[in-house]
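In what follows, chains are A, B, ... by sequence order, proteins preceding strands, each numbered from 1. Scope of the values below: all heavy atoms of this structure, side chains included, with no hydrogens, waters or symmetry mates.
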Amino acid sequence: MRLSHAFIPTLKETPAEAQIASHRLMLRAGLVRQTSAGIYAWLPLGLRVLRNIERIVREEQDAAGAQEILMPTIQPAELWKESGRYEDYGKEMLRIRDRHDRDMLYGPTNEEMVTDLFRQSVRSYKELPQILYHIQWKFRDEVRPRFGVMRGREFLMKDAYSFDIDHGGAVASYRKMMLAYMRTFQRMGLKAIPMEADTGPIGGDLSHEFIILAPTGESQVYYDAAFEEIDYLSGDSFSHEKPDDLVRFFEVMTGHYAATDEKHDTARWDQVVADRKREGRGIEVGHIFYFGTKYTKSMGATVAGPDGRQVHPEMGSYGVGVSRLVGAVIEASHDDNGIIWPDSIAPFKAAILNLKVGDAGCDALCERLYAALGGNALYDDRTDRAGAKFADADLMGHPWQIIVGPRGAAAGTVELKRRATGERVEVTPEEALTRIGS
RNA sequence: CGGAGCGUAGCGCAGUCUGGUAGCGCAUCAGUCUGGGGGACUGGGGGUCGUGGGUUCGAAUCCCGCCGCUCCGACCA
């Protein structure tokens, strides 16, 4: 993409409404624009990040054996009346009425709808387990939306739902999803810690939330630094496929101390080795629940068991705040100059900074690099001064900057800057491309 | 939902107390000079002062209603 014609409206000054770093930077770098309280339009740069996060979430869900579907945003009230949540959910649910006066709602979550899909089609225990997920916009009419996309009313969520024939199966699905989550967050460069949580309005008796540390987090958290050393991705870590691995994995996850304020246990906390104690503010980026037959019973979903009797499958649900993660990653990774994207979700791998547009050498070299990098590069071909380009590139946070100036162009070199470290090296264009890993 | 604040040009703000028909910086447009960390100069464009009503000869300014946004707290992917 050529910056001169891209819809990436960067801001030199911070809009007054933005209080926290991620919100400020998302507005300044031109990722989003607010359309009303807690509701945002995603602009090209922001959308690319959102899609990248979505892609990682999707890959890890697929790897864990979950199957992607897509349920609608608008749901009929009847399903929620069946489960009893139509009354329980309160004002956070946006209730609407269609032209025939039918009660509808904009889905805040999808347990009812997925249970309905399931009961229509699954008849036998032999078809279990099933894990279904979708990545869809949700609406929760929060009393007080804030922190930009981190606490919006409309937000993109990956929600998955597992169906198992018995408690043991449900627990296995729960662990499988937990592992998928740890892998997902690690791939985004986040250290997420699973913490025991209350089950809230979804109900049930086993629940973990996944929290990343950031000064602007909404809750106080405590955990054992042992979590920081665990690698979920390398070949010899844990496998979804091996039941033993999942048991071992879950033991590790629940073996170290980790708790939010509400669940904090000072007696257990005191037992954590002093130099491994970590505490601070945390942002919730995911939440998983096991709730058994809460919905299969209330909504009459059954399958035939091995003995021929009808049984209510055991369910769990698993949410990742996809749009929230965009803000959360920025909270975890930025400096005074702007965003520092992890390579895995950066909107572009590299920015090409043409410091002297119009100089034949600079133009030719930049075009060559741009052609080689294709869609992975944002080419700053604006006629602005160098300083403005540096500032915008730092603000937008591309992992690499290829700086092309007239002196270098004449000598056949470019400067390669790594955003995260600020390190710059003078290399040949080919070497730059190799290092970026195009 | 309790408490507080703010709406004036695309963004950041002054002007409101003490009424006289709108200003600054940035951005933008044209031009000249410049050219490696948001450059300088000259000239230009852009505002029903959130909205409806009231008071007044006259309202951004005073009074009332409404709408929107933000912050603190309680609640949440």
Starting at atom CZ of A:Arg151, determine the distance to atom C1' of B:rC72, rounded to an integer number of angstrom. 14 Å
Indicate, with yes or no, if the rings of A:Tyr181 and A:Phe210 have centres closer together than 6.0 Å. yes
Gap in Å between the two C1' atoms, one belonging to B:rC17 and one to B:rC11, rounded: 28 Å
Between A:Ser237 and A:Asp231, does a side-chain hydrogen bond (donor to acceptor under 3.5 Å, both in side chains) hold up when you go through it step by step? CA-CA 7 Å; A:Ser237 58; A:Asp231 181 1; 5.4 Å; no
With heavy atoms under 4.0 Å as the rule, sort A:Glu92 into base, sugar-phosphate or nothing. nothing
Measuring only the P atom in each nucleotide, how far is B:rU61 from B:rU51? A whole number of Å is fine. 11 Å
Any donor-acceptor pair, under 3.5 Å, between the side chain of A:Arg146 and the base of B:rC71, if you only look at N and O atoms? no
Expressed in whole Å, how much space separates the C1' atoms belonging to B:rA60 and B:rU56? 16 Å
Exactly one of A:Tyr223, A:Phe250, A:Phe227 clears ring-ring contact (aromatic ring centres under 6.0 Å, His included) with A:His256, and that residue is A:Phe227
Starting at NE2 of A:His23 and ending at P of B:rC69, how long is that distance when rounded to a whole Å? 12 Å
Just name whichever nucleotide pairs with B:rU56, Watson-Crick or G-U, keeping both distances under 3.5 Å, else none. none
May I ask you to say what A:Ser323 touches in the nucleic acid, namely base, sugar-phosphate or nothing, with a heavy-atom cut-off under 4.0 Å? nothing
Figure out the CG/P separation between A:Leu27 and B:rC26, and round it to whole Å. 22 Å
Check A:Arg119 with A:Glu82, please: is the shortest side-chain N to carboxylate O separation under 4.0 Å? yes
Hey, does A:Gly152 reach any base, or is it just sugar-phosphate, or nothing, if we go heavy atoms under 4.0 Å? base
Please determine whether a side-chain nitrogen of the Lys or Arg among A:Arg419 and A:Asp343 lies less than 4.0 Å from a carboxylate oxygen of the Asp or Glu. no
State whether a side-chain donor-acceptor pair under 3.5 Å links A:Tyr318 with A:Lys176. no
Whole-angstrom distance between B:rA27 and B:rG38, as gauged at atom C1': 11 Å
Per A:Pro15 side chain, nearest of listed nucleotides B:rA74, B:rC11, B:rC69: B:rC11
So A:Asp141 and A:Lys91, do their side chains get closer than 4.5 Å, heavy atoms only? no
When both distances are under 3.5 Å in a Watson-Crick or G-U wobble arrangement, the nucleotide paired with B:rU42 is B:rA30
Just the rounded figure in Å: distance from P of B:rU34 to CG of A:Asp359. 16 Å
Can you tell me the distance, in whole Å, between the CD1 atom of A:Ile288 and the C1' atom of B:rC76? 18 Å
Nearest-angstrom distance, P atom, B:rG54 to B:rA9: 25 Å
Could you measure between the two C1' atoms, the one in B:rC62 and the one in B:rU16, and give it in whole Å? 10 Å
With a non-hydrogen cut-off below 4.0 angstrom, is A:Thr383 in contact with a base, only sugar-phosphate, or nothing? base
Quick test: give all pairs of protein nitrogen or oxygen and nucleotides 1-4 of chain B nitrogen or oxygen below 3.5 Å, distance rounded to 0.1 Å.
unit_1	atom_1	unit_2	atom_2	d
B:rC1	OP1	A:Lys91	NZ	2.8

Distances for protein N or O near nucleotides 36-38 of chain B N or O, under 3.5 Å:
unit_1	atom_1	unit_2	atom_2	d
B:rG36	N1	A:Glu415	OE1	2.8
B:rG36	N2	A:Glu415	OE1	2.1
B:rG36	N2	A:Glu415	OE2	3.2
B:rG36	N2	A:Arg424	NH1	3.2
B:rG37	N7	A:Arg424	NH2	3.4
B:rG37	O6	A:Lys417	NZ	3.3
B:rG37	O6	A:Arg424	NH2	2.1
B:rG37	N1	A:Asp394	OD2	3.1
B:rG37	N2	A:Asp394	OD2	2.4
B:rG38	O2'	A:Lys12	NZ	2.8
B:rG38	O6	A:Arg28	NH2	3.2
B:rG38	N1	A:Asp392	OD1	3.1
B:rG38	N2	A:Asp392	OD2	3.3

Side chains of A:Tyr133 and A:Asp62: any donor to acceptor distance under 3.5 Å? yes
Find the partner of B:rA22: check Watson-Crick (N1-N3 plus N6-O4 or O6-N4) and G-U wobble (N1-O2, O6-N3) distances, both under 3.5 Å, and reply none if neither fits. none
Is it true that A:Lys417 and A:Asp394 make a salt bridge, defined as a side-chain N closer than 4.0 Å to a carboxylate O? yes
Which nucleotide, B:rC69, B:rC13, B:rC76, lies nearest any side-chain atom of A:Ala16? B:rC13
Please determine if A:Lys277 forms a cation-pi arrangement with A:Trp269, meaning its NZ or CZ atom is less than 6.0 Å from the six-membered ring centre and no more than 45° off the ring axis. yes
So which nucleotide does B:rC71 pair with, by the Watson-Crick or G-U wobble rule with both distances under 3.5 Å? B:rG3
Roughly, in whole Å, what's the span from OH in A:Tyr40 to C1' in B:rU70? 11 Å
Whole angstrom value for the distance that separates P of B:rC75 from CZ of A:Arg140: 17 Å
Verify whether one side chain among A:Ser22 and A:His334 offers a donor that lies under 3.5 Å from an acceptor in the other. no
Roughly how many Å apart are B:rG50 and B:rC41, using the P atom of each and rounding to a whole number? 32 Å
Please state the P separation for the pair B:rC72 and B:rA59 - nearest whole angstrom. 39 Å
Taking only side-chain nitrogens and oxygens of A:Gln34, does any of them come within less than 4.0 Å of OP1 or OP2 of B:rU70? yes
For the atom pair CD1 (A:Ile403) and CD (A:Glu426), what is the distance rounded to the nearest 0.5 Å? 10.5 Å
Take atom CD of A:Gln19 and atom P of B:rC71, then tell me their distance rounded to the nearest Å. 5 Å
Name the residue closer to the 5' end of RNA chain B, choosing between A:Leu156 and A:Glu13 according to the nucleotide with the nearest heavy atom. A:Glu13
Can you tell me the pairing partner of B:rC76 across any strand shown, Watson-Crick or G-U wobble, with both distances under 3.5 angstrom? none
Does any nucleotide pair with B:rG65 by Watson-Crick or G-U wobble geometry, both distances under 3.5 Å, and what is it? B:rU51
